[in-house]
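Just so you know, residue 1 is the first one in the sequence shown, and it goes up from there. Keep in mind that the numbers below use all heavy atoms, side chains included, and drop hydrogens, waters and symmetry copies.
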Amino acid sequence: MKEKKIVIVGAGIVGVTLAWFFATYSDAEVTLLDQKQAGSGVSQHSFAWLNVSYGRPDSYQKLRSKSLNEWRRLDAEMHGALKIDWRGAISWQETNAETLQFIQSHSELSFNVESLTKENLAKKEPLLDKAPNVVAFAGEEGAIDPIWVIQTLLQDAIKKGVTYCPETEVSKILQNESGQTIGVRSQDKDYVADKVVLTAGVVNKDLLQTINIELPLASLPAIIIRFKHEKSDQFAQHIISTPEMEIRSIDSEHFLAAEDYIDDTAVNTPELIALNALKTIQAHFNTIAPALASSITVDHVAVGMRPIPFDDMPIVGTMNDDSGLYLISMHAAVTLAPLISRLAMQEILYEQESPELFSYRITRFQ
């Protein structure tokens, strides 16, 4: 098979994972470009929860479930170097009835979600208070440190032959007279390729506009807060997701919280939202561990711009009739990165469409 030249634009979790797959499973000549440094975009501001999701089409939930298995497979291939935290997720909905429906719907799709009694919850999260009578536990879900994973996969990919070009901002997609993509242009040179793969998050939209394609993608902000507390190995031992808060520990003194961005008014700044989240979190731990709860402080607040396709589903595949251009654009990039990367690699190398990706082509918007 002729060695293909692949240019990947965007070195976030998807771009780096895709580059690693090409380097590991093919003889393709891969160049990975990023306008700044690997992982410096929205990937660094991700809550990075590997989950199945809820309230989405069954096929999409199954895709996410399969990607959790792909994460396990990828980590095994990396001999555990990705340091994935598989301790599971505890959650509940607005009402007990809704939580029971959540558990039932997942069980019907063969996802491992069980109901916890108050006693079982206390064993898993001894410091957590104010939980309802019905709580769900997804034991096969987990989380990653996205920057650690990106750097680990990137260094391995470079060792296997990937050319990594940071601080390389792509300004234009290059096409021939027939309208086929033949490469990209940066500030100082052209990169010629058999296939250009766009994995640059919200920047994908700007790049496609250079060839008069309007990507059906919104750019929506989300807030990630890092909190600090006195050292404790018992605080938030699992991902905890409730209508009031979404938190996960990252070490014995820090945890992350994900919050929705409301608007740009003075009363809804990210810093004020972080302080409100702090009060909510303290209330859930104050009864059992008041000293620990009072020690929690806001350590860092960040806002990341999430790429959200108009129907919330991934957009993956060759762009219309342009055989030289391939797009990967999705909100759940962390969860789906290894599976989508493997499938995309196979489509690009063998020029055969994957049935698992049929529902996610850009043509569905036309």
Side-chain angles (χ1 to χ4, degrees), residues 12-13 41-57 60-61 64 89-95 98-99 101-102 128 130-132 135-136 138 141-147 201-203 205 216-229 236 238-250 254-285 296-315 329-337:
I13 189 68
V42 71
S43 293
Q44 68 175 326
H45 301 312
S46 169
F47 190 64
W49 176 9
L50 308 179
N51 66 72
V52 172
S53 188
Y54 180 56
R56 304 292 178 87
Y60 179 61
Q61 289 183 269
R64 291 176 68 126
I90 289 168
S91 66
W92 62 82
Q93 309 297 314
E94 291 283 358
T95 67
E98 290 174 336
T99 303
Q101 174 59 33
F102 171 86
L128 180 63
K130 296 188 176 181
V135 173
E141 296 185 346
I144 64 168
D145 177 341
I147 298 304
V202 297
V203 177
K205 191 178 182 77
L217 184 83
S219 176
L220 298 179
I223 302 171
I224 294 293
I225 311 156
R226 186 177 68 232
F227 292 96
K228 183 177 174 60
H229 58 82
H238 308 78
I239 298 160
I240 301 175
S241 177
T242 80
E244 297 86 18
M245 64 181 184
E246 192 167 273
I247 64 174
R248 70 173 184 89
S249 288
I250 52 177
H254 299 87
F255 66 94
L256 296 180
E259 293 288 333
D260 291 331
Y261 184 94
I262 300 173
D263 55 40
D264 59 358
T265 60
V267 295
N268 287 318
T269 65
E271 291 73 20
L272 287 178
I273 289 175
L275 291 175
N276 289 332
L278 171 62
K279 294 175 184 177
T280 298
I281 295 164
Q282 287 175 322
H284 279 82
F285 292 91
I296 301 172
T297 58
V298 176
D299 192 41
H300 181 70
V301 182
V303 178
M305 300 304 295
R306 301 172 296 169
I308 311 289
F310 287 171
D311 61 359
D312 284 338
M313 296 293 105
I315 305 174
S329 196
M330 53 193 179
H331 166 44
V334 170
T335 294
L336 292 173

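Contact of the V42 side chain with the M305 side chain is not registered, since no non-hydrogen atoms from C-beta on lie closer than 4.5 Å. You'll find the side chain of H45 stays beyond 4.5 Å of the side chain of R306, heavy atoms only. Side-chain atoms of I315 and P216, non-hydrogen and from C-beta on, do get closer than 4.5 Å to each other. Here the side chains of P314 and L336 are in contact, with some heavy-atom distance below 4.5 Å. The closest side-chain heavy-atom distance from L220 to Y261 is not below 4.5 Å. Looking at I250 and D145, their side chains never come closer than 4.5 Å, going by heavy atoms from C-beta outward.
Within a 6.0 Å radius of CG in D312, other residues, nucleotides and ligands contribute more than 12 heavy atoms. Within 6.0 Å of atom NZ in K228, more than 12 heavy atoms from other residues, nucleotides or ligands are found, so the atom counts as buried in its surroundings.
Here the CG-CZ distance, from L256 to F227, works out to 9.5 Å after rounding to the nearest 0.5 Å. Expressed to the nearest 0.5 Å, how far CD1 of I247 lies from CZ of F47 amounts to 7.5 Å. Note that NE2 of H284 and OG1 of T242 are 5.0 Å apart. Values are rounded to the nearest 0.5 Å. Taken to the nearest 0.5 Å, the CD1 atom of I239 stands 7.5 Å off from the CG atom of N51. Note: E244 CD to N276 CG = 13.5 Å, rounded to the nearest 0.5 Å. Once rounded to the nearest 0.5 Å, the distance linking CG of D264 with OG1 of T269 reads 10.5 Å.
At distances below 3.5 Å, not a single donor-acceptor pair connects side-chain atoms of R64 with backbone N or O atoms of T335. Looking only at distances, a side-chain donor or acceptor of S43 sits under 3.5 Å from a matching main-chain atom of I13.
When all heavy atoms are compared, the tightest approach of A89 to W49 is CB-CZ2, 3.6 Å. Counting all heavy atoms, side chain and backbone alike, R56 lies closest to S53 at CG-OG, 3.5 Å. The heavy-atom pair separating I223 from P270 by the smallest distance is CD1-CA, 3.9 Å. Of all the heavy atoms in L217 and S329, the pair that sits closest is CD1-OG, 3.5 Å. Taking all atoms of both residues into account, the shortest heavy-atom contact from A274 to V301 is CB-CG2, 3.7 Å. Nearest heavy atom pair, residue V334 against residue A48, reads CG1-CA, 3.9 Å.
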Worked check of side chain to side chain contact (heavy atoms under 4.5 Å, CB included) between V52 and E141: CA-CA 8 Å; V52 172; E141 296 185 346; 3.8 Å; yes
Between Q93 and T99, is a side chain to side chain donor-acceptor pair (under 3.5 Å) present by the stated rule, with each step listed? CA-CA 5 Å; Q93 309 297 314; T99 303; 5.4 Å; no
